[in-house]
Amino acid sequence: MQQIKIFKGVDTEIPEMERQINRWMRKSGAEIISIQSSLAPQPNKGTGPMNSFAGSDIMVVLHYQIDAPS
């Protein structure tokens, strides 16, 4: 049975997101068909020393195959 799994996070936390996705893939035993991602940059809210930088949103979609439940 084909399904999807969606992961979301911010680009400043990519290493943790990679660990989360890899852990899910190992535990699920799913056969990954495709992986797609999208990065949504945050608008620039100004410049200067007091400017705070917000991370960009990132979404990863796994399309996978797994055995149907019995």
Side-chain angles (χ1 to χ4, degrees):
M1 172 171 34
Q2 292 189 12
Q3 297 188 11
I4 63 166
K5 175 78 174 167
I6 299 173
F7 294 90
K8 64 179 184 165
V10 292
D11 67 347
T12 58
E13 300 172 354
I14 288 176
E16 176 56 33
M17 191 174 184
E18 288 173 344
R19 284 189 288 278
Q20 180 184 10
I21 292 168
N22 288 329
R23 187 176 6 192
W24 179 85
M25 289 191 309
R26 283 191 305 274
K27 287 185 174 187
S28 72
E31 176 188 344
I32 305 301
I33 297 169
S34 69
I35 301 174
Q36 296 182 341
S37 65
S38 177
L39 182 66
Q42 298 298 315
N44 186 357
K45 298 195 184 229
T47 60
M50 300 303 287
N51 185 29
S52 62
F53 295 97
S56 297
D57 296 328
I58 186 167
M59 180 177 70
V60 176
V61 179
L62 301 181
H63 178 203
Y64 66 96
Q65 176 80 28
I66 197 159
D67 295 335
S70 304

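Small disclaimer: the values here were computed from a predicted structure and weren't measured.
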Margin query: So, using side chain to side chain contact (heavy atoms under 4.5 Å, CB included) as the criterion, who are the partners of S37 when residues are at least two apart?
Written below: V60
Margin query: Any heavy-atom pair between the side chains of V10 and D57 that's under 4.5 Å?
Written below: yes
Check: Residues two or more places apart in sequence or in another chain: which of them pass side chain to side chain donor-acceptor pair (under 3.5 Å) with E31?
Finding: none
Check: Shared ILVMFWY cluster between I4 and I35, side chains joined below 4.5 angstrom?
Finding: no
Margin query: Going by side chain to side chain donor-acceptor pair (under 3.5 Å), name the residues that satisfy it together with Q2, two or more places apart in sequence or in a different chain.
Written below: H63
Margin query: Looking at every non-hydrogen atom in both residues, tell me the closest pair between F7 and L62 and how far apart they are.
Written below: CE1-CD1, 3.6 Å
Under 3.5 Å, side-chain donor or acceptor atoms of residues 18-26 against the rest of the protein: list the pairs with distances, not counting sequence neighbours.
from, atom 1, to, atom 2, distance (Å)
R19, NE, E16, OE1, 3.3
R19, NH2, E16, OE1, 3.3
N22, ND2, E18, O, 3.2

Check: Quick one: OH on Y64 to OG on S34, what's the gap to the nearest 0.5 Å?
Finding: 12.5 Å
Item checked: D11 side chain to S56 backbone, donor-acceptor under 3.5 Å -> yes
Next item on the list: Using a 4.5 Å cut-off on heavy atoms from C-beta on, say whether the side chain of M59 contacts that of I6.
Entry: yes
Item checked: Derivation of the side chain to side chain contact (heavy atoms under 4.5 Å, CB included) call for I58 and M17 -> CA-CA 10 Å; I58 186 167; M17 191 174 184; 3.6 Å; yes
